[in-house]
Amino acid sequence: MKNIESPLLRSDEEAGKFLVNRRAFTDAEVLDAETRALFDTCWLYVGHGSEIRKPGSFVTRAVGGRNLIFNKDAKGQVGSFLNSCPHRGATVCRERSGNAKNFTCGYHGWVFSADGKNRNIPGIEAYAPDFGSDGCSDLVSVPRLESYRDFWFVCFDRNAQSLSDYLAGAKEYLDLVADQSEAGMEIVGGAHDYSIGANWKLLVENSIDGYHAPVTHSTYLDYLRNANEGHKVGIGVGAAKDLGNGHAVIEFRAPWGRPISRWVPSMGEEAKVQMEAQYARLEEMYGKERAERIAGMDRNLLIFPNLCVLDILAITVRTFYPRAPDRMDVTGWAMAPIGESSGMRRNRLNNFLEFLGPGGFATPDDVEMLEQCQKGYANAKEAGWNDISRGMRRELAGKPGGQQDELQMRTFWRRWHELLSARNALSVRVEA
């Protein structure tokens with residue numbers, strides 16, 4: 001680590017202070033710089049392999065400011081294409097998901113197979129005899145597409161490092177998710193789509209913030225105490241870790257039940273028997289220590305810049321993109337073991353909805369706080385800096401970060417600053 005003194009970030013090791021200028025959350029120039037330095041160059045999550053299980057399966061979604069098709073072709077090859085017709089730019093596939101051998105542009109009828117190749121152009125005789133032989137009439141593939149444990153990512157920088165190298169220490173935590181089922185993991189159909197009137201980086205921080213839960217989510221903790229009378233409820237001991245390349249995690253023991261073999265009374269006695277059998281199988285496959293970590297510990301994982309995998313009372317995969325400096329669009333998916341019992345799936349989805357859903361106990365609390373922060377930044381001219389110093393002395397001493405420290409946020413901000421600086425994107429004029 002080193003001291004940093006820039007218009008948008010200040011880090012002073014001797015003083016144990018880490019400050020972020022609030023203009024980083026409000027300035028359109030900063031957002032433009034982020035687009036170039038982050039979303040144009042980093043690996044970005046596009047989907048999970050279970051969403052396109054069969055040949056011809058596809059989903060469409062916005063990733064890094066681009067509209068993409070993520071699909072599997074007739075031969076079982078996974079691909080991702082820019083969802084724009086090479087003719088006049090119209091959106092080719094207008095469905096969110098489905099199964100198709102071909103995609104047909106609704107403007108002039110150009111047809112593309114699931115591998116992106118052009119298969120038909122109405123009135124082709126009006127073009128040169130070799131038109132399209134150079135690929136100019138095919139859908140444009142994303143520059144890079146790679147996967148790890150069936151989590152698929154795209155990158156718009158052809159020269160980027162491999163996904164495996166990029167993920168660095170985050171791979172260990174994706175393994176802890178993927179290893180929860182011998183049959184594999186799957187995205188449960190449907191998604192939560194919602195917007196928040198706040199800067200996207202506030203949700204980065206909030207997603208790995210162990211400090212706010214006892215206050216912001218006190219209503220949910222009270223609910224747990226009432227629903228599980230006699231069962232200990234409280235935020236347990238945990239740790240924060242820097243995983244490299246801006247990725248970070250908090251890993252902790254929480255008060256709620258987990259469908260992956262951590263029972264609480266509100267789940268019912270039948271579930272207890274099933275979960276004991278699940279846990280025995282985990283021990284058989286991985287040994288006692290790893291089984292306990294998979295089932296007994298909760299994790300909030302950030303994969304830089306904007307993917308969060310929340311492996312807590314259910315598994316939520318969540319991305320979020322800026323629409324403006326003060327607004328973001330969020331998408332969350334539920335993940336579950338393939339073939340789990342209907343009772344376990346019901347418990348899992350109940351947890352997903354009641355805590356992390358946009359109408360649940362937690363997300364509305366978080367949305368309110370993030371939007372209140374954004375409103376507070378109207379005072380940035382006189383009150384200009386966010387403090388993210390909690391636990392910094394412990395970090396500087398080489399001690400593990402606590403779950404309620406802010407090491408994980410500093411990890412994000414250091415990488416953010418590094419990438420924007422490397423591309424000369426921090427020339428934003430900010431008043432001190």
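All residue numbers refer to positions in the sequence shown, counting from 1. Since we're looking at a predicted model, the values are computed, not measured.
- Distance alone, capped at 3.5 Å, places no donor-acceptor pair between the Asn300 side chain and the Ile250 backbone.
- Looking only at distances, no side-chain donor or acceptor of Arg258 sits under 3.5 Å from a matching main-chain atom of Leu313.
- The ring pair (Phe, Tyr, Trp, His ring centres under 6.0 Å) pairs that include a residue from residues 176-196 are His192-Phe352, where partners are two or more places apart or lie in different chains.
- Phe153 meets the ring pair (Phe, Tyr, Trp, His ring centres under 6.0 Å) test with Tyr45; sequence neighbours excluded.
- Partners of Ser164 according to the side chain to side chain donor-acceptor pair (under 3.5 Å) rule, which considers only residues two or more places apart in sequence or in another chain, are Lys171.
- Salt bridge status for Arg410 with Asp242: absent, with no side-chain N to carboxylate O gap under 4.0 Å.
- Contacts of Trp110 classified as ring pair (Phe, Tyr, Trp, His ring centres under 6.0 Å), with partners at least two apart in sequence or in another chain: His87.
- Note on Asp157 versus Arg144: no salt bridge recorded, every NZ/NE/NH1/NH2 to OD/OE distance being 4.0 Å or above.
- Judged by distance alone, the side chain of Arg390 and the main-chain N or O of Gln404 form a donor-acceptor pair under 3.5 Å.
- A side-chain donor from one of Glu368 and Gln372 sits under 3.5 Å from a side-chain acceptor of the other.
- A salt bridge does not link Arg23 with Glu29: every distance from a Lys NZ or Arg NE/NH1/NH2 to an Asp or Glu carboxylate oxygen is 4.0 Å or more.
- For residues 287-309, the pairs satisfying ring pair (Phe, Tyr, Trp, His ring centres under 6.0 Å) are Phe304-Phe412, with sequence neighbours left out.
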Inset, instruction - Evaluate the criterion side chain to side chain donor-acceptor pair (under 3.5 Å) for residue pair Asp311 and Gln180; output intermediate values, then yes/no. - result: CA-CA 11 Å; Asp311 181 14; Gln180 292 180 23; 3.0 Å; yes
Quiz: residues 195-210 side-chain donor-acceptor pairs under 3.5 angstrom, not counting sequence neighbours:
from   : atom 1 : to     : atom 2 : distance (Å)
Ser195 : OG     : Arg323 : NH2    : 3.0
Ser195 : OG     : Asp329 : OD1    : 2.7
Asn199 : OD1    : Lys201 : N      : 3.0
Asn199 : OD1    : Lys201 : NZ     : 2.9
Asn199 : ND2    : Phe25  : O      : 3.3
Asn199 : ND2    : Pro325 : O      : 2.9
Trp200 : NE1    : Glu34  : OE1    : 2.9
Lys201 : NZ     : Ala24  : O      : 2.8
Lys201 : NZ     : Glu34  : OE2    : 2.6
Glu205 : OE2    : Trp413 : NE1    : 2.8
Asn206 : ND2    : Asp366 : OD2    : 3.3
Ser207 : OG     : Leu203 : O      : 2.7
Ser207 : OG     : Arg318 : NH2    : 2.8
Asp209 : OD1    : Tyr211 : N      : 2.8
Asp209 : OD1    : His212 : N      : 3.4

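- Between Glu292 and Arg253 there is a salt bridge, with a side-chain nitrogen of the basic residue lying less than 4.0 Å from a carboxylate oxygen of the acidic one.
- A side-chain donor from one of Asp193 and Thr331 sits under 3.5 Å from a side-chain acceptor of the other.
- For Lys241 and Glu172, the salt-bridge test fails: no basic side-chain N is under 4.0 Å from an acidic carboxylate O.
- For Phe81 and Phe103, the distance between ring centers is not under 6.0 angstrom.
- The existence of a salt bridge linking Arg346 and Glu270 is excluded, since no basic side-chain nitrogen approaches an acidic carboxylate oxygen closer than 4.0 Å.
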